[in-house]
2 protein chains.
Amino acid sequence: MDQSTEEKIKTAARKIFHEKGYSGTRTRDIAEEAGINLALLNYYFRNKKRLFELVMSDSLEDFFSSIRGAFVDTSTDLDQKIQIIINNYLDQLTANPNIPIFLLNELRSNPDALVKKSELRGVLNSSSFMQQLEERLKETKQTGINPFHLIVNILGLTVFPFMASPMIKEMRQINDEQFMAFIEERRTLIPQWIQLMIKK
Amino acid sequence: MDQSTEEKIKTAARKIFHEKGYSGTRTRDIAEEAGINLALLNYYFRNKKRLFELVMSDSLEDFFSSIRGAFVDTSTDLDQKIQIIINNYLDQLTANPNIPIFLLNELRSNPDALVKKSELRGVLNSSSFMQQLEERLKETKQTGINPFHLIVNILGLTVFPFMASPMIKEMRQINDEQFMAFIEERRTLIPQWIQLMIKK
DNA sequence: AGTTTTTTTAATCAATTGATTAAAAAAACT
DNA sequence: AGTTTTTTTAATCAATTGATTAAAAAAACT
């Protein structure tokens, strides 16, 4: 495990920024986590802000990358895509449960970070998935419904429980392991629910 | 508008804490927002932490209070309750769009705040709504599904778009007004989707 | 009207935080 | 082996932040 100092800092910064957000994170926290001298943060990354922007950009990329493939793939049909998107998201969120709340909380004060990812908008809006959704809504006589609602629903059913995990755990008096079992139950349920919304 | 100084501080604190979170908020921000002298925060509330805990407690109360009535009301049936809960939530979130992300972000670092509201767990778990949900799942041969999933779904479909509003606005290139129109569309759609999940 | 209590103010302080500095150590180059 | 460049270190600094202080002003009490 011979990580360079620069890599050590990045890894540590990702972890701590995800947990504490930008203003809750001290550069000393990152240095401690990385096991390096505090001044190295400025030597390698100039200042806290730059390091954060790097982590923010990477995290946005991570958030979208696990589903981009499924969105644009023309060889799968709508039902397959729904399954793949939800599965890929659950896998990714299981590995990085802090990403959604981190991203959405930071985007509140700095929405511009997303503008730099404007390419994603293009990908999403012209995706095979979007077209297939529109066609399905036509077939099911639901043309009054903006297909974007369905995308929000997939995200809401998949992502929200991770963001609300403290509340869910407290309300149901369950531990982390039991929470993850709850999430696994949803792996098959969410696609079924989405299917009901666009049923032929 | 003869608010006392104490009230002015509370109002300002709620606003700023909701926007910036605990660590992103300086006591000077609150004082400026309230139009009062900085030292008055300590005079009236002793320190930043106490003021925050007060705002946190109130905000949790607000988050749950708009739906508590509907949960325990025994004179309405399940379908009516779903409608009322979603409507009440949308009204409340429209008035205070920052509450969910504020609460869930702060609960990540301090879940204990919720333990102080443990009474809510009792209310939820023994509520008329919960019982009606269980009965409906029985009637529809879905006894393998924990009814709590449906509650998470209602929240996910209702609350998540508010939390994700920066992303939704950017992805669809819409302004605040258009975002609220998007939310209003969901007012009738969400109950329909939920009904599909528990359809007889 | 005088006295006491409460509220407010501007200045100041102690601690913290992001950042800088100068020197030492290590690596790379000749 | 000597020189140059890069990396690391511990100390220090400048700015910021939550909090305190002492005095003035206002309100309440007698």
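With a heavy-atom cut-off of 4.0 Å to chain B, the contacted part of DNA chain C has its first and last nucleotide at dT6(C) to dA10(C).
Sorted pairs that involve residues 94-116 of chain A and meet salt bridge (Lys or Arg N to Asp or Glu O under 4.0 Å), not counting sequence neighbours, are lacking altogether. Counting only residues at least two apart or on different chains, the salt bridge (Lys or Arg N to Asp or Glu O under 4.0 Å) pairs with a member in residues 66-75 of chain A are Glu61(A)-Arg68(A), Arg68(A)-Glu119(A). Every pair passing ring pair (Phe, Tyr, Trp, His ring centres under 6.0 Å) that includes a residue from residues 139-177 of chain A is listed here, sequence neighbours excluded: His149(A)-Phe182(B). Residue pairs satisfying the salt bridge (Lys or Arg N to Asp or Glu O under 4.0 Å) criterion with at least one member in residues 178-196 of chain B, sequence neighbours excluded, are listed as follows: Asp91(B)-Arg187(B), Glu184(B)-Arg187(B).
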Sequence neighbours excluded and cut-off under 3.5 Å, please list the side-chain donor-acceptor pairs for residues 34-45 of chain B, or say none.
unit_1	atom_1	unit_2	atom_2	d
Asn37(B)	OD1	Ala39(B)	N	2.9
Asn42(B)	ND2	Arg46(B)	O	3.2

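The environment of Gln173(A) atom CD is dense: over 12 non-hydrogen atoms of other residues, nucleotides or ligands sit within 6.0 angstrom.
A donor-acceptor pair shorter than 3.5 Å cannot be found between the side chains of Glu6(B) and Ser4(B). Side-chain atoms of Asp62(A) and Gln92(A) include no donor-acceptor pair closer than 3.5 Å. Under the 3.5 Å distance criterion, with hydrogens and angles disregarded, a donor-acceptor pair is assigned to the side chains of Thr76(B) and Lys81(B).
Under the ring pair (Phe, Tyr, Trp, His ring centres under 6.0 Å) criterion, Phe179(A) pairs with no residue at all, not counting sequence neighbours. Looking at residues two or more places apart in sequence or on another chain, you find a ring pair (Phe, Tyr, Trp, His ring centres under 6.0 Å) between Tyr89(A) and Phe63(A). Shown here are the salt bridge (Lys or Arg N to Asp or Glu O under 4.0 Å) partners of Glu32(A), two or more places apart in sequence or in another chain: there are none.
For the segment residues 33-52 of chain A, residues with any heavy atom less than 4.0 angstrom from an atom of DNA chain D are, sorted by number, Asn37(A), Ala39(A), Leu40(A), Tyr43(A), Tyr44(A). Non-hydrogen atoms lying under 4.0 Å from DNA chain D are contributed by Thr25(B), Arg26(B), Thr27(B), Arg28(B), all within residues 17-30 of chain B.
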Legend entry - For DNA chain C, the dot-bracket pattern of Watson-Crick and G-U pairs whose distances stay under 3.5 Å, | for other-strand partners: ||||||||||||||||||||||||||||||
